[in-house]
Asker: 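One structure follows; several queries about it will come next.
We number each residue from 1, following the sequence as shown. Both ligands and their constituent atoms are indexed starting at 1 by order of listing. All heavy atoms count here, side chains included; hydrogens, waters and symmetry mates do not.
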Amino acid sequence: MNHQPTPQTGKEKNPNLKKISGIKMESIGVLMTCPMHKYLEQQLETHFNLFKLWHCNSSITEFLKTHQGNTIRAVVGDTNIGADAELIASFPNLEIVASYSVGLDKIDLRKCEEKGIRVANTPDVLTDDVADLAIGLILGVLRRICASDEYVRIGKWKDADFGLATKFSGKSVGIVGLGRIGTAIAKRAEAFGCSISYFSRSQKPFANYKFYSNIIDLATSCQILIVACALTEETRHIINREVIDALGPKGILINIGRGAHVDETELVSALLEGRLGGAGLDVYENEPEVPEELLGLGNVVLQPHVGSDTVETSDAMADLVISNLKAHFSNKPLLTPVI
Ligand SMILES: O=CC(=O)O
């Protein structure tokens, strides 16, 4: 994620921060793995003893040449660099990984559990933004918003009308993973008069949508398939050739999860061969690399992994990271614990 700096007022944004700000924590060593939101960096700098891994070429070996590994008691990672086994093993006094992300796929959760390291993430505060972007991608692909914008900008409208797009309202939408984000997408799609169905590990008792225990059946039955589940070993390449072919030449794939949910080679060939109708993608298998072939396709809308990247949400995520760290070092319950 490439967060832009937010203008600062100098005021604490999160009331929780005020309540616990009396506790002296400035000596606690916190390692940030890569540049994230500037406001988060400033807050970490204000409240803790902040170390920045990218100041050492993003290399733990480099870092350990000039710093004592045992000074680091907390790590703040994100969707680019989290806390893998090497990092965890390098910091013997590591107590908590507070991720500036909801996704946990860059954290070795098994190692954390083994070593009694706490893990916290940033759920809920980003749900609306990610769900909004999923709908935006659907509209972008079906109503060809990017292509028609370019049509106006380059003056083609003077020569001829743009042509027809495809209607979204009333389409059948299939959601892979009906968690917080999947449910928020379902609600939004319902407002567009869409019928909703979903695939997940188990049927959700709270949901009134049609449940499929088989993703191929879901892909066969819907016109728009949206990936909104967590990335785990089970869901890696959950969108494979069979699923793509079940969705078919009029089907649209939307991915706001993780790039590795989709077999990208299969996705690209299906789009090139016309076996899939279109795609709206916020995430890719090897970010920031995007398959060259996608760049020339008019039925694809591409975003640079910005699902939660609004000023409001980025600030809220940062506040949550700080609150989790402060809670941990005050012996209070984490606000959003994973482990
Ligand atoms: O991708 C974004 C996140 O996991 O927060």
Side-chain angles (χ1 to χ4, degrees), residues 1-4 6 32-41 43-44 75-84 87 96-109 112 119-137 175-185 226-236 238-239 253-262 264 279-290 301-325 334-339:
M1 286 197 275
N2 191 14
H3 293 280
Q4 296 301 312
T6 312
M32 230 177 153
T33 59
C34 52
M36 300 168 209
H37 185 25
K38 205 72 200 161
Y39 166 66
L40 173 61
E41 206 176 309
Q43 288 296 313
L44 287 169
V75 164
V76 174
D78 72 355
T79 57
N80 295 313
I81 307 178
D84 61 10
L87 181 144
I96 180 168
V97 176
S99 194
Y100 178 67
S101 71
V102 69
L104 299 164
D105 48 291
K106 290 284 170 72
I107 303 172
D108 192 328
L109 292 175
C112 288
V119 176
N121 63 345
T122 58
D124 300 318
V125 291
L126 47 62
T127 299
D128 283 341
D129 274 353
V130 180
D132 290 351
L133 187 69
I135 300 297
L137 283 168
I175 301 176
V176 181
L178 201 69
R180 298 177 182 91
I181 293 173
T183 304
I185 294 168
I226 306 174
V227 184
C229 57
L231 178 65
T232 63
E233 275 320 305
E234 284 160 21
T235 62
R236 188 172 297 274
I238 193 169
I239 308 298
L253 179 72
I254 302 294
N255 190 4
I256 46 80
R258 285 290 184 266
H261 280 128
V262 178
E264 212 164 65
L281 307 172
D282 185 40
V283 287
Y284 310 86
E285 278 206 90
N286 300 304
E287 293 173 9
E289 300 300 323
V290 176
V301 173
L302 306 171
Q303 292 285 291
H305 199 155
V306 290
S308 58
D309 288 9
T310 63
V311 171
E312 296 87 339
T313 293
S314 299
D315 286 352
M317 288 167 68
D319 285 338
L320 196 44
V321 169
I322 300 288
S323 295
N324 273 314
L325 289 174
L334 299 183
L335 282 83
T336 49
V338 176
I339 295 177

Asker: Return a yes/no value for L126: is any of its N or O atoms, backbone included, closer than 3.5 angstrom to an N or O of ligand 1?
Answerer: no

Asker: Hey, which atoms in ligand 1 end up nearer than 4.0 Å to a heavy atom of G103?
Answerer: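 Selected atoms, number and element: 3 (C), 4 (O).
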
Asker: Could an N or O of ligand 1 be found under 3.5 Å from any N or O of M317, whether backbone or side chain?
Answerer: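 The answer is no, given that M317 and ligand 1 share no N or O pair closer than 3.5 Å.
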
Asker: Measure the CD1-SG distance between I181 and C229 for me, rounded to the nearest 0.5 Å.
Answerer: 10.5 Å

Asker: Report yes or no: does S314 contribute a side-chain atom to a donor-acceptor pair with the main-chain N or O of H37 at less than 3.5 Å?
Answerer: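 No, S314 side chain to H37 backbone: no donor-acceptor pair under 3.5 Å.
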
Asker: Under 4.0 Å from a heavy atom of H305: give me the atoms of ligand 1 that qualify, with their elements.
Answerer: 1 (O), 2 (C)

Asker: Taking only heavy atoms of T79, which atoms of ligand 1 are found under 4.0 Å from at least one of them?
Answerer: 1 (O), 2 (C), 3 (C), 4 (O)

Asker: Listed by chain and number, what are the side chain to side chain donor-acceptor pair (under 3.5 Å) partners of T313, not counting sequence neighbours?
Answerer: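 For T313 the side chain to side chain donor-acceptor pair (under 3.5 Å) partners, ignoring immediate neighbours, are D129, T310.
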
Asker: D128: what forms a salt bridge (Lys or Arg N to Asp or Glu O under 4.0 Å) with it, not counting sequence neighbours?
Answerer: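 D128 satisfies salt bridge (Lys or Arg N to Asp or Glu O under 4.0 Å) with R188 only.
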
Asker: D78 and T33: side-chain donor and acceptor closer than 3.5 Å?
Answerer: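 D78 vs T33: no donor-acceptor pair found between side chains.
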
Asker: With heavy atoms of S101 as the reference, note each atom of ligand 1 found under 4.0 Å away.
Answerer: 3 (C), 4 (O), 5 (O)

